[in-house]
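Note that the numbering runs from 1 along the sequence shown for the chain. Read the numbers this way: they start at 1 and go in the same order the structure lists the ligands and their atoms.
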Amino acid sequence: MNHSSSLIVGIDLGTTNSLIGIYDAGFPTLLADDEGSRLTPSIVSYRDKGQVLVGRLAERQRLLHPEQTIASVKRLMGNQKKLHLGKHHVTPEEVSSEILKHLKKIAERALNNGVSRAVITVPAYFNDAQRAATRRAGELAGFTVERILSEPTAAALAYGLDKLHDQAKIAVYDLGGGTFDLSILQLDHGIFQVLSTHGDTQLGGDDLDEAIANFLLTKSQTSQKEIDSQRLKTAARQAKEQLSFVEETVVRLPFFQGTRHLEIPLTRAELEKTCRPLIERTRTFCLRALADAKLQPSDLDEIILVGGSTRMPLVQAIVENIFEKKTNLSQHPDEAVALGAVLQAALLEGKLSQITLLDITPLSLGIETFGGLMNVIIPRNTTIPTKAGEMFTNAVAGQQAMKITILQGERELAKDNWKLGEVEIPFTPAPKGQARVGVQFEIDADGILKVLVRDTISGEEKILEIRQAIEISDEAVEAMLADSLEHAFEDRDARILTEARLKAEEMLPAVESALTQLAGELDEKMKKEIRAASAQLEAAMKEDDLSILQQQLQKLDDATQILATMLVDKVLKKDSDR
Ligand code: AMP
């Protein structure tokens, strides 16, 4: 058999069921066994002659040889005590490795190729020992374990990053066969952070089955002794699953007590009454997780349901009541974790870039403006495709061309950001501030940035295409963000200083021109005062002291207040004289 060395499979090693999948032809695909089933019951049966059965075959053995068979071994992960199963003495991780070997075979048969690398999911609450045991189980099964991934993170990945904005907060409510957990995650620059997690490792669909079985015993007035409790529980589970789709069913136990058949009708209302107290127990955990994350239900953007038991309408209703919000059931709840594991595998394989998932600009994009400042046009974390533009004007009178430098980064000064490109546009010479150059940034769905620069007077335009605006390594983005944080204060001061200088540069010639225009109307004392303030401002511009510069700007502003009023009066008078 060939080994497809680059292929990584995604595995949901579940308490009740396990799944395996691959990313193929642009889609995550879960692989079916020979019987066409994608769910493998996480059950292992050790036969006397050394044969090990996994999945449905083991499930059948469970009725015949319960002493040789183990289900829900995930609950015991991390525990080194040997389990005695018939003649076999095995650790929980060895049992798990049998499930993983079985999944590996399913994949190899489906692909007709060997697989050796895997991503395996574990509950968010698994500690280091439990994660290490899961990793060892993978290795025992012949896998190189590329990543141990938290189940809620996998579910969130499957839900789709593209549907979430940065800093989105989501709750993943996972009620499976044997366990319940609720995790609150926050999407932070493409990475899910687990804010809090709470749960009950002894609460799940199995407990519902037991409660239903007891209800059925009472209803049929049969005693526990008369009945094979495992068969009754299996029947209860089937009835429960049917009642997610129909209003009533009949639980049939053929050949119960030799020749007698047992038939018990069961309605959804009866089922819900029996199950409600158990499902209500999840409420406290949800509230605790919210409190730990310091959030209100209204702060959550999405509630994602995971685990087979969330197919029950009652579970959905209770969750919606807890979070005061509609839940999200867009994925098959029992496949979401596996699909997420496959997506994580595809990310590691490089078949899927974080960017395709993310669809946002990792860093701000803009251009350099007067004084060497960064002028942001598309802020970071904007969802793509996107378009934005701004109008710029000439800094110097009679300028013949304008150079547009395209920048990327979070720093205030142009020189500290990355230069992506440069384009020069010739334009009709005009007095300072009169020319109009439009700059438009457009990023398409493939992440390609097009910069269009147009002189609005002549209509002349230029287009620059930049391909690497979106695909930046995570490290580079992190380094830029770290830099911008580290220099946040000095950057801000530098921007304010530059802006103050620009203001002074504009103000000085304007004041000079007003003095000339109003020469005959101003008394000497006032002229002297204004000239002195101008000179002081000019001197302050040569220094790097922001507070002195601001002081002088203010002084000149105060001293020239009267000039502005006089100029306006003069213009009005001229108009009325005409
Ligand atoms: P999981 O551990 O996620 O595979 O979930 C297994 C649990 O989901 C078992 O307790 C199943 O009985 C339960 N389950 C699966 N399908 C349904 C359904 N349609 N309605 C209610 N429970 C279901």
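- Note: Tyr46 and His88 have tilted aromatic rings, judged against thresholds of 30 and 60 degrees for the angle between ring planes.
- Remark: the backbone N or O of Val119 is not paired with any side-chain donor or acceptor of Arg147 at under 3.5 angstrom.
- Between the side chains of Glu349 and Tyr23, no donor-acceptor pair of N or O atoms lies under 3.5 Å.
- Screening Arg109, Arg38, Arg56 for a side chain to side chain donor-acceptor pair (under 3.5 Å) involving Asp33 leaves a single residue, Arg56.
- Ligand 1 lies under 4.0 Å from heavy atoms of Thr16, Asn17, Gly176, Gly177, Gly205, Arg237, Lys240, Glu241, Ser244, Phe245, Gly307, Gly308, Ser309, Arg311, Met312.
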| request: Applying salt bridge (Lys or Arg N to Asp or Glu O under 4.0 Å), run through Lys101 and Glu98 and close with a yes or a no. | output: CA-CA 5 Å; Lys101 272 186 217 166; Glu98 295 296 342; 3.5 Å; yes
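- No side-chain donor from either of Gln68 and Ser45 sits under 3.5 Å from a side-chain acceptor of the other.
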